[in-house]
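What follows is a single structure, written as structure tokens, with notes after it.
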Amino acid sequence: MDSDKPLRIVVVGGVAGGASAATRARRVNANAEITIFEKGPSVSFANCGLPYHVGGEIKDRAKLLVATPELFWKRFRIATKTEHEVVAIDRGSKTVRVRTTQPSDGPTSPADVTETDVPYDRLILATGAEPIRPPFAREMPENAFHLWTLSDMDRLLKFVHDNTVKRVLVIGAGFVGVEVVEQFHRLGLHVDLVERLPQILTRLDPIFAKIVAKHMESFGVQVLTGESVASFELDGPRAIAARLESGKRVETDLVVIGAGVRPRTALAAAADLTIGPMGGIVVNESMQTSDPSIYAVGDIVEYTNGVTGQKGLNPLAGPANRSGRIAGEHAGRGSSEKMGGVMGTSIVRVFELTAASTGLNEQQLAKSGMAYRTAIVQAASHASYFPGAENMHLKVLYAPQGGRILGAQGVGGEGVDKRIDIMATAMAFQGTVYDLAQLDLAYAPPYGSAKDPIHMVAFAAINDLKEHPRLLPPDADLSGYQIVDVRTERERREMPLEDAIAIEVDAFAERWNELDPTRHTVVVCHTGKRAHVGACWLAAKGFKSVANLT
Ligand code: FAD
């Protein structure tokens with residue numbers, strides 16, 4: 001590179017990662033020549049906001065355009081070329097081939113396609129992910145849509161505006177699918193949600209996902225899990241129903257497919273950049289690919305997992321922005337902070353519930369071969385005597401040795417976001433459940449409790465680690481156990497537990513000696529709190545093996 005010439009930084013893709021990279025590069029290098037090529041019509045739009053405009057919660061479409069090419073130029077002197085697709089990288093000559101297509105003048109004249117080679121000194125790839133098109137949607141019916149770009153959203157809304165839509169079928173119960181369900185319900189439409197896997201929102205463990213699914217059903221949404229779409233039943237170009245593998249038929253006027261995404265790596269693969277086993281581009285901690293002049297950021301890369309240290313995909317906006325910033329800085333000045341581990345911290349609003357998680361869930365931990373234990377508590381969002389407290393379920397997954405936090409999940413009303421972010425923060429510092437129990441959190445009755453849900457779940461986990469008593473998961477096999485039910489008579493009537501010996505918690509001090517101290521014993525109540533009291537009594541009275549059902 002000729003040192004008199006300005007550094008030429010070319011960015012491919014101008015939304016989350018690309019826009020962050022370009023602006024950071026400018027902030028660290030005032031002389032560089034920075035260009036963004038974006039194949040779509042807009043840069044820096046808020047794709048996370050798309051579902052909320054569909055339902056009218058974000059009323060003004062213009063609010064989704066976070067920054068415009070004019071602003072990029074005016075404030076940053078970054079040249080932003082929309083409707084310019086990078087179609088090839090020549091690493092030898094350090095150029096990218098850029099294609100622009102001018103629409104044709106009429107049906108007989110062909111579109112005017114121009115290709116130009118543009119040189120770079122540093123290239124930043126931020127081409128994002130693309131929606132997976134399942135086999136039944138190889139040919140998309142006229143009324144079937146993805147929701148991934150502004151243009152997708154515009155076409156979807158135009159269809160809703162121009163047609164009578166009463167029933168919507170959403171295929172795929174990931175974040176986007178679930179958000180879209182809520183927004184169509186908001187528009188007064190009937191919504192069916194079909195998910196191939198046995199549960200919705202697979203970042204959650206099944207018990208938590210079930211709470212969310214039931215909540216959706218309470219709003220009239222039909223949630224069909226473990227059901228695959230086999231084909232569409234067409235009337236002309238439109239789908240009027242989906243046939244499921246089980247034989248069920250779901251009628252519809254409009255279909256939204258959210259069946260997952262895959263990294264858009266064709267450009268990088270064609271340039272022989274190393275692609276990892278998970279299908280993302282391999283990068284180092286400065287976001288450099290196998291070619292140090294080329295960076296990759298966002299949904300196309302394999303991040304380092306903050307818990308396992310293994311590489312994996314995590315198509316989320318936070319890591320895309322952070323990795324973009326790091327790549328932009330490194331490209332602009334040759335050094336940067338290192339990209340930290342990604343926990344996959346995520347959150348979604350589902351009607352009146354919030355569901356959030358961070359780190360690994362049980363299935364991922366089992367797959368990675370890491371030993372773990374779990375504790376779940378039910379707690380109020382703030383002091384229960386102060387009006388407006390909302391219930392939440394909070395779960396922590398931790399290492400049996402040392403109690404390092406491996407993951408956490410929360411489902412409930414107000415305050416779930418705060419608790420999951422606390423968990424993610426503690427995990428970033430390799431925190432343990434012992435650390436959680438010691439956290440000095442802000443408290444006044446409208447905001448929390450002197451013993452916050454974070455403390456409560458940590459106490460439960462610490463009791464488990466100290467076997468004071470140990471916890472059994474809610475789906476544990478209790479055969480062979482002496483089961484002690486400490487709930488009230490009314491609770492037992494409403495939800496009977498077979499083969500259990502009933503001793504209400506307040507009668508424990510008198511009646512514990514009716515139990516056999518030589519047997520494995522598990523104490524059970526509704527949330528685990530009273531069972532803990534009962535189990536502590538028994539342990540203190542010399543029972544050899546006592547557990548609490550969490
Ligand atoms: P993108 O933001 O997707 O940008 C990639 C850009 O590259 C695209 O504009 C594309 O047109 C362009 N491009 C691709 N190939 C080329 C090429 N060859 N030449 C030129 N340009 C090219 N994440 C969250 O964390 N929370 C949420 O609530 C959330 N909600 C979402 C809701 C929706 C509807 C969607 C679609 C995504 C949501 N996400 C959410 C995910 C988040 O938006 C992505 O993880 C993030 O945008 C990824 O950033 P990126 O820069 O890697 O890719």
Side-chain angles (χ1 to χ4, degrees), residues 10-22 35-55 58 64 66 80-89 96-101 118 123-131 145-153 156 170 172 174-180 183 203 256-258 260-271 280-281 283 287 295-301 303 313-325 327-328 342-349 354-358 417:
V10 168
V11 181
V12 188
V15 187
S20 300
T35 309
I36 299 177
F37 292 111
E38 164 56 55
K39 74 172 182 178
S42 327
V43 280
S44 207
F45 67 91
N47 28 18
C48 307
L50 302 182
Y52 301 98
H53 184 59
V54 168
I58 299 175
L64 299 173
V66 181
T80 305
K81 314 270 188 193
T82 54
E83 292 175 327
H84 282 61
E85 181 178 5
V86 172
V87 291
I89 304 166
V96 288
R97 175 148 297 186
V98 183
R99 181 181 293 164
T100 47
T101 309
V118 177
L123 177 64
I124 302 176
L125 302 178
T127 49
E130 60 194 345
F145 302 88
H146 292 294
L147 183 58
W148 200 247
T149 62
L150 271 174
S151 317
D152 290 342
M153 183 192 74
L156 172 66
V170 177
F175 294 124
V176 177
V178 163
E179 285 171 351
V180 163
Q183 293 299 314
R203 286 183 191 240
V256 179
I257 303 176
V261 294
R262 71 162 73 86
R264 219 184 247 136
T265 51
L267 195 59
I281 300 172
V283 287
M287 306 313 293
Y295 299 76
V297 303
D299 290 357
I300 44 171
V301 304
Y303 298 112
L313 302 169
N314 239 316
L316 290 168
N321 278 275
R322 292 201 299 279
S323 60
R325 188 173 194 275
V342 170
M343 304 290 178
T345 310
S346 48
I347 190 161
V348 63
R349 190 191 67 195
T354 300
S357 67
T358 185
D417 53 344

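Note that ligands are numbered from 1 as they come in the structure, with each ligand's atoms numbered from 1 the same way. All heavy atoms count here, side chains included; hydrogens, waters and symmetry mates do not.
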Between Glu83, Glu38, His146, His53, flag the one that comes closest to atom 8 (C) of ligand 1 by a heavy atom. Glu38
Point-to-point distance, once rounded to the nearest 0.5 Å, from CE of Met153 to CZ of Phe45: 9.0 Å
Do ligand 1 and Pro51 have nitrogen or oxygen atoms that lie under 3.5 Å from each other? no
For atom 41 (C) of ligand 1, which candidate among Ser323, Pro315, Ala19 provides the closest heavy atom? Pro315
Taking both backbone and side-chain atoms of Glu85, is any N or O found less than 3.5 Å from an N or O belonging to ligand 1? no
Trp148 N/O under 3.5 Å from ligand 1 N/O: no
Please list, in number order, the atoms of ligand 1 under 4.0 Å from a heavy atom of Leu147. 34 (C), 36 (C)
For ligand 1, which atoms, with element, lie under 4.0 Å from some heavy atom of Ala16? 2 (O), 46 (C), 47 (O), 49 (O), 51 (O)
Evaluating non-hydrogen atoms only, which member of Glu130, Glu179, Lys39 is closest to atom 20 (C) of ligand 1? Lys39
Pick, from Ala266, Ala88, Gly128, Ser42, the option with the minimum heavy-atom distance to atom 53 (O) of ligand 1. Gly128
Hey, does Leu267 come in under 3.5 Å of ligand 1, counting only N/O atoms on both sides? no
With respect to atom 1 (P) of ligand 1, which of Thr345, Val15, Val11 exhibits the smallest heavy-atom separation? Val15
Return yes or no for this condition: an N or O of Val86 is under 3.5 Å from an N or O of ligand 1. yes
As an exercise, identify every atom of ligand 1 less than 4.0 angstrom from a heavy atom of Ala320. 48 (C), 49 (O)
Per-atom contacts, ligand 1 versus Val12 - under 4.0 Å to a heavy atom: 17 (C), 19 (N), 20 (C)
What atoms in ligand 1 come closer than 4.0 Å to a heavy atom of Thr127? 5 (C), 7 (O), 14 (C), 15 (N), 16 (C)
Which of the atoms in ligand 1, numbered in the order shown and given with their element, are less than 4.0 Å from a heavy-atom of Gly13? 6 (C), 7 (O), 12 (C), 21 (N)
Side chain to side chain, Asp299 and Arg264, heavy atoms closer than 4.5 Å: no
Do Leu316 and ligand 1 have an N or O pair less than 3.5 Å apart? yes
Which residue, Thr35, Ile89, Val87, forms the side-chain contact (heavy atoms from CB on, under 4.5 Å) with Val96? Ile89
Short list, please: which atoms of ligand 1 are under 4.0 Å from a heavy atom of His84? 20 (C)
Nearest neighbour of atom 29 (C) of ligand 1 from the list Ala21, Cys48, Gly49, on a heavy-atom basis: Cys48
